[in-house]
Amino acid sequence: SQKIEQNSEALNIQEGKTATLTCNYTNYSPAYLQWYRQDPGRGPVFLLLIRENEKEKRKERLKVTFDTTLKQSLFHITASQPADSATYLCALHGSSNTGKLIFGQGTTLQVKP
Amino acid sequence: EPEVTQTPSHQVTQMGQEVILRCVPISNHLYFYWYRQILGQKVEFLVSFYNNEISEKSEIFDDQFSVERPDGSNFTLKIRSTKLEDSAMYFCASKPYQNQETQYFGPGTRLLVL
């Protein structure tokens, strides 16, 4: 079955540095991959989507890469701020066409001032 | 900006009781979903719903669960006889059309079964 792995250990970085989060997947060849942000006790909020034919996608301080050979996506936050502290979820669509999302367990980022 | 809303924000119930979790998706959306997240675990898909019927359900979504769109705005998840292991955050999500990949999530209902 489709499996998504994110680094379950929390990532602690200093304000201003670049945070890099990893998402690996197996048993699947997704047409696209999404990243969501989740704050404690809140629902996921969409950040970025990258398609299989795109190597890189940017939005303001966010950058996502997608390597379909390695079956990996990297999520970067440049010039990180304490407000970026949250859990970041990688999500793939299921193999059916219903649009269901399969989430990784998320990586918690803590940006220290 | 339109948002998905969910009520109640918190629900405490006794084991064996029925609960109904309510969602109001974004008004022009046609595809609806329920997910759950047990504390400290990943967000898990429960069910997808389109055109007044279930389009896909997970193994978690057994006979104790049901969904309904009773009117043009609400989308509900019912758990007939709650179990302790049903304690979780339940998220409703929606999207406007099939080719729209992004889903819009509600703030969730925290369900605690005692």
Side-chain angles (χ1 to χ4, degrees), chain A residues 1-10 21 23-26 28 30-54 57 59 62 64 66 73 86-108, chain B residues 1 3-6 9-10 21 23-26 29-51 53-61 67 88-112:
Chain A
S1 62
Q2 299 143 359
K3 197 172 179 184
I4 304 173
E5 294 286 341
Q6 292 185 255
N7 189 350
S8 57
E9 291 183 16
L21 286 66
C23 174
N24 295 293
Y25 58 92
T26 55
Y28 195 40
Y32 57 88
L33 181 149
Q34 303 184 53
W35 285 87
Y36 286 76
R37 169 180 171 144
Q38 186 177 28
D39 289 286
R42 306 292 295 174
V45 175
F46 170 75
L47 295 174
L48 279 170
L49 179 149
I50 187 164
R51 301 185 188 281
E52 60 180 342
N53 61 349
E54 298 174 316
K57 199 78 163 285
K59 178 183 176 183
L62 308 180
V64 172
F66 194 11
S73 175
T87 297
Y88 291 87
L89 310 177
C90 170
L92 297 178
H93 58 93
S95 54
S96 64
N97 64 353
T98 61
K100 79 172 187 186
L101 293 177
I102 302 166
F103 285 90
Q105 70 269 40
T107 298
T108 298
Chain B
E1 186 173 332
E3 291 181 336
V4 176
T5 59
Q6 291 186 242
S9 57
H10 295 78
L21 310 183
C23 169
V24 179
I26 296 173
H29 286 194
L30 301 176
Y31 291 80
F32 313 112
Y33 305 85
W34 283 101
Y35 295 82
R36 80 169 186 191
Q37 186 175 32
I38 295 170
L39 188 64
Q41 297 188 23
K42 62 176 69 176
V43 177
E44 300 175 287
F45 168 79
L46 290 178
V47 66
S48 59
F49 191 85
Y50 168 70
N51 201 25
E53 59 184 29
I54 290 173
S55 47
E56 187 174 0
K57 58 184 180 179
S58 71
E59 292 177 354
I60 303 167
F61 195 90
V67 289
M89 280 286 280
Y90 288 81
F91 296 109
C92 171
S94 69
K95 67 176 187 176
Y97 45 87
Q98 187 176 22
N99 291 338
Q100 166 70 38
E101 300 95 347
T102 303
Q103 294 180 20
Y104 297 83
F105 285 78
T109 293
R110 184 176 297 281
L111 175 66
L112 179 59

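By convention in this document, chain letters (A, B, ...) are assigned in the order of the sequence lines, proteins followed by strands, and residues within each chain are numbered from 1. Since we're looking at a predicted model, the values are computed, not measured.
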Under 4.5 Å from any heavy atom of chain A, what part of [X] do you find: side chain, backbone, both or neither?
X        : answer
B:Gln37  : side chain
B:Ser48  : side chain
B:Tyr104 : neither
B:Tyr33  : side chain

- Report the C-alpha separation of A:Ile102 and A:Ile4 in whole Å, then their side-chain angles, then the decisive distance to 0.1 Å, and conclude whether the side chain to side chain contact (heavy atoms under 4.5 Å, CB included) test is met. CA-CA 8 Å; A:Ile102 302 166; A:Ile4 304 173; 3.9 Å; yes
- Message: Using side chain to side chain contact (heavy atoms under 4.5 Å, CB included), reason through B:Tyr31 and A:Thr98 one step at a time and then give a plain yes or no.
- Response: CA-CA 9 Å; B:Tyr31 291 80; A:Thr98 61; over 6 Å; no
- Task: Answer yes or no: is there a donor N or O on one side and an acceptor on the other, between the side chain of A:Gln34 and the main chain of A:Leu92, under 3.5 Å?
- Result: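 Not confirmed, A:Gln34 side chain does not pair with A:Leu92 backbone.
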- Task: Report the C-alpha separation of A:Ile50 and A:Trp35 in whole Å, then their side-chain angles, then the decisive distance to 0.1 Å, and conclude whether the side chain to side chain contact (heavy atoms under 4.5 Å, CB included) test is met.
- Result: CA-CA 9 Å; A:Ile50 187 164; A:Trp35 285 87; 5.6 Å; no
- Closest approach of B:Leu30 and B:Tyr50, non-hydrogen atoms and distance?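 Smallest heavy-atom distance, with atoms named: O-CD1, 3.4 Å.
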- Query: So do the side chains of B:Arg36 and B:Met89 get within less than 4.5 Å of each other, counting heavy atoms only?
  - Reply: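 They are not in side-chain contact.
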- Message: Counting C-beta onward and ignoring hydrogens, is there a side-chain heavy-atom pair between B:Thr109 and B:His10 closer than 4.5 Å?
- Response: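 With C-beta onward as the side chain, the pair stays apart.
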- Query: Is A:Arg51 paired with A:Glu54 through a side-chain N to carboxylate O contact shorter than 4.0 Å?
  - Reply: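 A:Arg51 and A:Glu54: not salt-bridged.
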- Message: Between A:Phe46 and A:Tyr36 (judged by ring centroids, cut-off 6.0 Å), do the two rings come close enough to count as a pair?
- Response: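 Yes, the ring centres sit under 6.0 Å apart.
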- Message: Taking the six-membered ring for Trp, are A:His93 and A:Tyr28 closer than 6.0 Å centroid to centroid?
- Response: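 Between A:His93 and A:Tyr28, the centre distance is under 6.0 Å.
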- Can you name the one residue among B:Phe91, B:Tyr90, B:Phe105 that meets ring-ring contact (aromatic ring centres under 6.0 Å, His included) with B:Tyr35?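 Of B:Phe91, B:Tyr90, B:Phe105, ring-ring contact (aromatic ring centres under 6.0 Å, His included) with B:Tyr35 is met by B:Phe105 alone.
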- Would you please go through residues 92-100 of chain B and name the residues with a non-hydrogen atom below 4.5 Å from one of chain A, in numerical order?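 The list, in residue order, reads B:Lys95, B:Gln98.
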- Task: Output the residues of residues 38-47 of chain B for which the shortest heavy-atom distance to chain A is under 4.5 Å, in residue-number order; output 'none' if no such residue exists.
- Result: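 Within residues 38-47 of chain B, the residues under 4.5 Å from chain A are B:Lys42, B:Val43, B:Phe45.
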- Between A:Val45, A:Leu89, A:Asn97, A:Thr87, the one whose heavy-atom pairs under 4.5 Å with chain B are most numerous: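 Highest number of pairs under 4.5 Å: A:Asn97.
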- Message: With a sphere of 6.0 Å drawn around NZ of B:Lys57, does it hold more than 12 non-hydrogen atoms of other residues, nucleotides or ligands?
- Response: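 Atom NZ in B:Lys57 is not crowded, with 12 or fewer foreign heavy atoms closer than 6.0 Å.
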- Message: Using heavy-atom distances under 4.5 Å, tell me whether A:Gln38 contacts chain B through its side chain, its backbone, both, or neither.
- Response: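 For A:Gln38, side-chain heavy atoms alone lie under 4.5 Å from chain B.
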- Query: Given that the side chain runs from C-beta out, which part of A:Leu49 has a heavy atom under 4.5 Å from chain B: side chain, backbone, both or neither?
  - Reply: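 Only the side chain of A:Leu49 comes within 4.5 Å of chain B.
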- Message: Under the criterion side chain to side chain contact (heavy atoms under 4.5 Å, CB included), I'd like the reasoning laid out for B:Cys23 against B:Trp34: C-alpha separation, chi angles, the key distance, then a yes or no.
- Response: CA-CA 9 Å; B:Cys23 169; B:Trp34 283 101; 3.8 Å; yes
